Q: 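Let me give you the structure first, and then I'll get to my questions.
Fair warning: this is a prediction, and the values are worked out from it, not measured in the lab.
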Amino acid sequence: MASSMQAPRGTKDIFGPEFDSFEALERVAANVARIWGYAGIRTPVFEHTGLFVRSIGEATDIVEKEMFTIPRQSEKEDQDSYTLRPESTAGVVRAYLEHNLHKTQGLARFFYIGPQFRRERPQAGRLRQFHQMGAEVLGLLREAKGDQPAAPFTAYADVILLAAEILARAGLKGLRLKYNSVGCAKAGCRDVYREKLKAALGAQKEKLCGDCQRRLDRNVFRVLDCKKPNCRTVTAAVLADVPQEFCSDCRAQMDFVSPTVKDLLPAGVEAAHDAYLVRGLDYYTGTVFEFTAEGLGAQDAVGGGGSYDGLVEEMGGPKLGATGFALGLERVLMSQDAAKAAPPEAPAVVPLVYVAAAADSVEPYKLAVSLRQAGVRTDFDLTAPSRGIGNHMKRASKLSARLAVIVGEDELKAGEVAIKDMAGGEQRRVKIVEAVGEVRKALG
RNA sequence: GUGGAUGUAGCUCAGCCUGGUUAGAGCGUCUGACUGUGGAUCAGAAGGUCGCCGGUUCGAAUCCGGUCAUCCACCCCA
């Protein structure tokens, strides 16, 4: 029996230099998220058990065997079952709906930092209490509704680039982004691929390991995740025969996200499609991703995420899409150590710049990302591909932006952008390639 | 744990006493107009099982009972 004078299995005391690196990392993550235009949120460390069952999925490993569920204290007083959160997305979505944030504001962009709890067998990079930093974009209109247009795919790229920026600034080496599509719940998408995969893998059932034989019925996609050599051989052959097949919306999402992200990732981060990539939580749809880095052993993912367009509705809210990610802070720190990185310095949170997209092009978004990567706090409208300038100015004004950078048809034709000082009203044109430098100069 | 109060739109509230067409206002949100430029103005839209359950009644947001939730004070406490 474990001594009560030891920290519980899978938990850790953090003090000394480790405390300092932890704090430094948290500050980097929070400030980069703010620079990206995301606001902080803290939700309870425990929630109703049902929340996790509904969102993460009944048949997932997390819900089936890794939950820290608190026994009821008494029959009368408290009939509710509570569980320490194994992840934070469920709580953030719950808060989003509970406070009706879809009615109070357009799009919600949040980041959080805090402890998470999973009852697993501890190993390198796997603790029972661990810490995550994550971000979520909630409220994406997936189909035009009335006079509101459907949101473009920009947000799905945005969270990936935010995660990449935090990891790069944390000083990690050998950063790799793997992405894939897991399809969506619409008829003719994931269901079709699942059946084909199930048939193809089922034909070779006896070659698979015991776990995978069970997964065949419960959740075929988890077979792709198996690390055992025999299973790998089988899945490799099957994947060659059964190409991925998803609906046009899921394909379009991937077709936008893949090149956009590759184009804008920070230097030194490699990106590749990985047909084996799956997620252990049921709410994911469409494009999912994972970051790996050096120095981590078997648990080499430092973070992951993807879109979850069905979750808000599944939890009783309106039909709005969402996307997000979470980074494992302990794993980031392990990798930081391995890279012998100097403690990262958190970028300052500077006055806000608003990038106004007034042309149907990815250029405005690319400029917004370049500004952020240069440390300029930049807001960008992820809900529409472009808008009228007047509309943009209203937004810039409401956000109290110091500068507005206007990227419209005229400017793009000339290879320029207009930088406008919101307080004084002066405006001037600069070359688009010099825009980042000019903005920084203008901010002083 | 003890006592008190309150639940109507995202928020602040009106309506309840004296039951009776499709439950309202202000603010906020969303879309658009004002020839590609600002918190203004204008036009439009979305948003509510009146906390929930039951009772009385021809009829309940309105009256009655229960229940849940929240707030305040006290107790205790980081």
Side-chain angles (χ1 to χ4, degrees), chain A residues 39 41-42 44-48 50-51 72-82 92-110 115 137-152 155 312-313 315-322 351-361 363-364 367-368 378-430 432 435 439 442:
Chain A
I41 185 169
R42 280 187 201 178
V45 159
F46 62 93
E47 297 272 1
H48 290 284
L51 176 72
R72 295 172 192 181
Q73 294 299 303
S74 96
E75 282 301 310
K76 277 199 221 119
E77 296 253 321
D78 203 340
Q79 293 293 326
D80 294 329
S81 168
Y82 298 111
V92 173
V93 174
R94 197 220 76 241
Y96 174 76
L97 289 174
E98 183 165 339
H99 303 291
N100 280 296
L101 296 180
H102 54 103
K103 296 179 182 174
T104 312
Q105 54 182 239
L107 200 67
R109 284 171 296 172
F110 285 121
V137 177
L138 302 153
L140 296 160
L141 201 58
R142 294 306 316 130
E143 285 161 26
K145 182 184 163 197
D147 47 11
Q148 276 178 266
V312 171
E313 190 181 15
M315 283 176 52
K319 200 170 178 177
L320 292 168
L352 187 70
V353 171
Y354 179 86
V355 172
D360 228 338
S361 150
E363 289 309 316
L367 177 60
T378 303
D379 205 284
F380 184 85
D381 183 3
L382 296 169
T383 65
S386 78
R387 301 175 174 280
I389 307 257
N391 206 316
H392 273 308
M393 287 307 114
K394 263 186 204 172
R395 277 164 196 266
S397 196
K398 197 190 301 178
L399 291 163
S400 312
R402 174 80 62 89
L403 301 175
V405 180
I406 299 162
V407 193
E409 301 286 357
D410 293 354
E411 286 82 358
L412 281 181
K413 247 175 249 163
E416 296 177 338
V417 298
I419 300 176
K420 174 170 176 143
D421 184 297
M422 293 301 288
E426 319 80 64
Q427 182 172 325
R428 67 206 171 83
R429 293 272 203 114
V430 304
I432 195 162
V439 166

Q: Only pairs at least two apart or in different chains count here, so list each salt bridge (charged side-chain N to carboxylate O under 4.0 Å, His left out) that has a residue in residues 392-408 of chain A.
A: D381(A)-R395(A)

Q: Is a side-chain donor or acceptor of R142(A) paired with a backbone partner of A151(A) at a separation under 3.5 angstrom?
A: yes

Q: Taking the P atom of each, how far is U31(B) from G47(B), in whole Å?
A: 16 Å

Q: Please give the distance between the C1' atoms of U21(B) and C17(B) as a whole number of Å.
A: 23 Å

Q: Base contacts versus sugar-phosphate-only contacts with protein, heavy atoms under 4.0 Å: please encode nucleotides 30-43 of chain B as B, S and - from 5' to 3'.
A: SSSB--BBBB-B--

Q: Which protein N or O atoms sit under 3.5 Å from an N or O of nucleotides 47-50 of chain B?
A:
from	atom 1	to	atom 2	distance (Å)
G47(B)	O2'	K103(A)	NZ	3.2

Q: Rounded to whole angstrom, note down the P distance from G26(B) over to U70(B).
A: 32 Å

Q: Rounding to an integer number of angstrom, what distance separates A9(B) and G1(B) when you compare their P atoms?
A: 29 Å

Q: Enumerate the residue pairs fulfilling ring-ring contact (aromatic ring centres under 6.0 Å, His included) with a member in residues 393-428 of chain A, sequence neighbours excluded, ordered by first and then second residue.
A: none

Q: Determine the interatomic distance between C1' on U62(B) and the same-named atom on G15(B); round to the nearest Å.
A: 9 Å

Q: CG of L101(A) versus P of G28(B): gap in Å, rounded?
A: 18 Å

Q: Can you tell me, in whole Å, how much space there is between the C1' of U35(B) and that of C30(B)?
A: 24 Å

Q: Report the distance from atom CG of L399(A) to atom CG of D379(A), rounding to the nearest 0.5 Å.
A: 5.0 Å

Q: Can you tell me how far P in G20(B) sits from the matching atom in G54(B), rounded to whole Å?
A: 23 Å

Q: Just how far, in rounded Å, is C1' of C11(B) from NE2 of H102(A)?
A: 14 Å

Q: For U18(B), which nucleotide in any strand shown is its Watson-Crick or wobble partner with both distances under 3.5 Å?
A: none

Q: Check whether any side-chain heavy atom of V405(A) lies under 4.5 Å from a side-chain heavy atom of T378(A), and answer yes or no.
A: no

Q: In the strands shown, is A25(B) matched to any nucleotide by a Watson-Crick or G-U wobble pair with both distances under 3.5 Å, and which?
A: U12(B)

Q: Could you check whether the rings of F46(A) and Y82(A) sit parallel, tilted or perpendicular, using 30° and 60° as the cut-offs?
A: perpendicular

Q: When the P atoms of G7(B) and G65(B) are considered, how many whole Å apart are they?
A: 16 Å

Q: Whom does U6(B) pair with, Watson-Crick or G-U wobble, provided both distances fall under 3.5 Å?
A: A69(B)

Q: Can you list the residues that meet the ring pair (Phe, Tyr, Trp, His ring centres under 6.0 Å) rule with F380(A), with sequence neighbours excluded?
A: Y365(A)

Q: Using 0.5 Å steps for rounding, measure from the CG atom of L97(A) to the NZ atom of K103(A).
A: 10.0 Å

Q: Show me the pairs that pass side chain to side chain donor-acceptor pair (under 3.5 Å) and involve residues 412-429 of chain A, at least two apart or across chains.
A: E416(A)-R429(A), R428(A)-E438(A)

Q: For G32(B), which nucleotide in any strand shown is its Watson-Crick or wobble partner with both distances under 3.5 Å?
A: C42(B)

